Amino acid sequence: SGQRKQLMKNEKLLKFIPLLLGILIIFGGAFLRVNEALCNDAWYDEAFTGVTIRQSWSYVLDILSQDRNHPPMFYAMVKCVTGLTGSTDPFHLRLVSLFFGIATIPLGYFLIQHLSLAKEDKKWLGIATMTVLSFSPFFIAYSAEARSYAFLLFLILVAITCFIKASRNSFKFSRALVIWVVML
């Protein structure tokens, strides 16, 4: 009876290991991204973001409506964030990218959970996905730039996750279908 209780206690503890590991991975990835954003000055492409968002809303919308390479939603968010912080220094220009770069880490886990894999593999494959997203120099760099790359990766992962959910419902009207269409 005592051994059985200890075994059940150990099993409960083992269930929390992936959660704790996931939290540590997210914090590690957040630390690396913030450190990267703080250590580097703005470079040429980021200057476009800084110059654009310093203009009036009408000017920003006019520029972005003519330019199909830059998503207007990203620039609207950067303009709002820099308006709230009162600063357009490189770190404040990068806050939106930092947010989406960090939010992409657990989103990778949720995407894996929606794929059709064996239940035992899902949890650890999700942790592995989070680790790659968290510690990859490529993802760190793009999460710490005042460019839309981290935002776009986030939207792509949301779209894929919602596509999988909607496909399981034969693309009948659902929240997942609506989100997928909006992400596209």
Side-chain angles (χ1 to χ4, degrees), residues 18-19 21-23 25-27 29-30 33-34 37 45 48-49 52-53 55-85 92-134 136 138-184:
L19 175 64
L21 191 55
I23 291 169
I25 291 168
I26 293 168
F27 278 116
R33 283 159 174 73
V34 170
D45 277 0
F48 176 82
T49 303
T52 301
I53 59 103
Q55 309 306 316
S56 68
W57 278 102
S58 60
Y59 185 78
V60 170
L61 294 174
D62 187 46
I63 288 174
L64 296 175
S65 68
Q66 297 172 27
D67 181 1
R68 296 173 194 243
N69 295 323
H70 298 92
M73 180 65 82
F74 174 77
Y75 288 91
M77 288 185 289
V78 173
K79 187 159 180 63
C80 288
V81 167
T82 55
L84 289 171
T85 63
H92 290 100
L93 286 174
R94 296 171 176 156
L95 283 175
V96 172
S97 293
L98 283 170
F99 172 80
F100 284 105
I102 294 166
T104 297
I105 298 168
L107 187 57
Y109 180 88
F110 293 118
L111 173 61
I112 294 301
Q113 300 313 300
H114 289 291
L115 293 172
S116 297
L117 301 169
K119 286 191 178 205
E120 296 79 32
D121 294 341
K122 279 192 200 183
K123 197 175 288 182
W124 294 108
L125 186 56
I127 294 292
T129 302
M130 288 175 64
T131 303
V132 169
L133 289 171
S134 190
S136 165
F138 177 80
F139 293 124
I140 293 168
Y142 282 132
S143 297
E145 287 184 8
R147 306 292 292 147
S148 60
Y149 308 124
F151 176 60
L152 292 173
L153 177 60
F154 179 85
L155 293 179
I156 288 167
L157 292 184
V158 168
I160 292 169
T161 302
C162 290
F163 175 82
I164 292 167
K165 288 171 113 179
S167 70
R168 289 192 177 140
N169 195 19
S170 301
F171 295 100
K172 293 178 183 165
F173 187 78
S174 66
R175 184 174 69 195
L177 181 63
V178 171
I179 293 171
W180 175 59
V181 169
V182 169
M183 293 299 114
L184 293 178

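Bear in mind that the values here come from a model prediction, so they are computed numbers and not experimental data. One is the number of the first residue; the rest follow in order along the sequence.
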Item checked: Worked verdict on T131 versus L21 for side chain to side chain contact (heavy atoms under 4.5 Å, CB included) -> CA-CA 10 Å; T131 303; L21 191 55; over 6 Å; no
Next item on the list: Evaluate the side chain to side chain contact (heavy atoms under 4.5 Å, CB included) criterion for residues Y142 and L152: first the C-alpha distance (whole Å), next the side-chain angles of each, then the deciding distance (0.1 Å), finally the verdict.
Entry: CA-CA 10 Å; Y142 282 132; L152 292 173; over 6 Å; no
Item checked: Within-4.5 Å side-chain heavy-atom neighbours: Y59 and T52 -> no
Checklist line | Non-hydrogen side-chain atoms of M77 and F99 separated by less than 4.5 Å | finding: no
Checklist line | Nearest atoms (heavy-atom pairs only) where R147 meets F74 | finding: O-CZ, 3.2 Å
Item checked: Whether R33 side chain and L98 backbone form a donor-acceptor pair below 3.5 Å -> no
Note to self: I need the I156 CD1 to T104 OG1 distance, nearest 0.5 Å.
What the structure shows: 9.5 Å
Margin query: Nearest 0.5 angstrom please: I102 CD1 to L107 CG, how far?
Written below: 13.5 Å
Notebook entry, point to check: Within the distance-only criterion (no hydrogens, no angle test), does the side chain of S134 pair as donor or acceptor with the backbone N or O of I25 below 3.5 angstrom?
Noted result: yes
Notebook entry, point to check: Can you list the steps and then say if I160 with L111 is a side chain to side chain contact (heavy atoms under 4.5 Å, CB included)?
Noted result: CA-CA 8 Å; I160 292 169; L111 173 61; 3.4 Å; yes
Margin query: Please give me the minimum heavy-atom distance between A103 and F154, naming the atom from each residue.
Written below: CB-CE1, 3.8 Å
Checklist line | Non-hydrogen side-chain atoms of S143 and I140 separated by less than 4.5 Å | finding: no
Notebook entry, point to check: Do you know the tightest heavy-atom contact between W57 and A76?
Noted result: CH2-O, 3.7 Å
Check: Would you say the side-chain atoms of S136 pair up with the backbone N or O of L133, donor to acceptor, closer than 3.5 Å?
Finding: no
Next item on the list: Rounded to the nearest 0.5 Å, what's the gap from OG1 on T129 to OH on Y109? Could you check?
Entry: 10.0 Å
Notebook entry, point to check: Do L95 and H92 have side-chain heavy atoms sitting under 4.5 Å apart?
Noted result: yes
Check: Which atoms form the tightest heavy-atom contact between P106 and I26, and what is the distance?
Finding: CB-CD1, 3.9 Å
Margin query: Quick check for you: to the nearest 0.5 Å, what is the distance between Q66 atom CD and D62 atom CG?
Written below: 4.5 Å
Check: Do L153 and F100 have side-chain heavy atoms sitting under 4.5 Å apart?
Finding: no
Next item on the list: Give the ring-plane orientation class for F171 versus W180, where under 30° counts as parallel, over 60° as perpendicular and anything between as tilted.
Entry: tilted
Checklist line | Distance-minimising heavy-atom pair for C162 and I179 | finding: SG-CG2, 3.3 Å
Next item on the list: Answer yes or no: is there a side-chain heavy-atom contact under 4.5 Å between Y75 and K79?
Entry: no
Notebook entry, point to check: Do any N or O atoms from the side chain of S97 and from the backbone of E145 form a donor-acceptor pair under 3.5 angstrom?
Noted result: yes
Check: Taking all atoms of both residues into account, what is the closest heavy-atom pair of V60 and Q55, and its distance?
Finding: CG2-O, 3.9 Å
Notebook entry, point to check: Is the centre of the Y149 ring less than 6.0 Å from the centre of the F139 ring?
Noted result: no
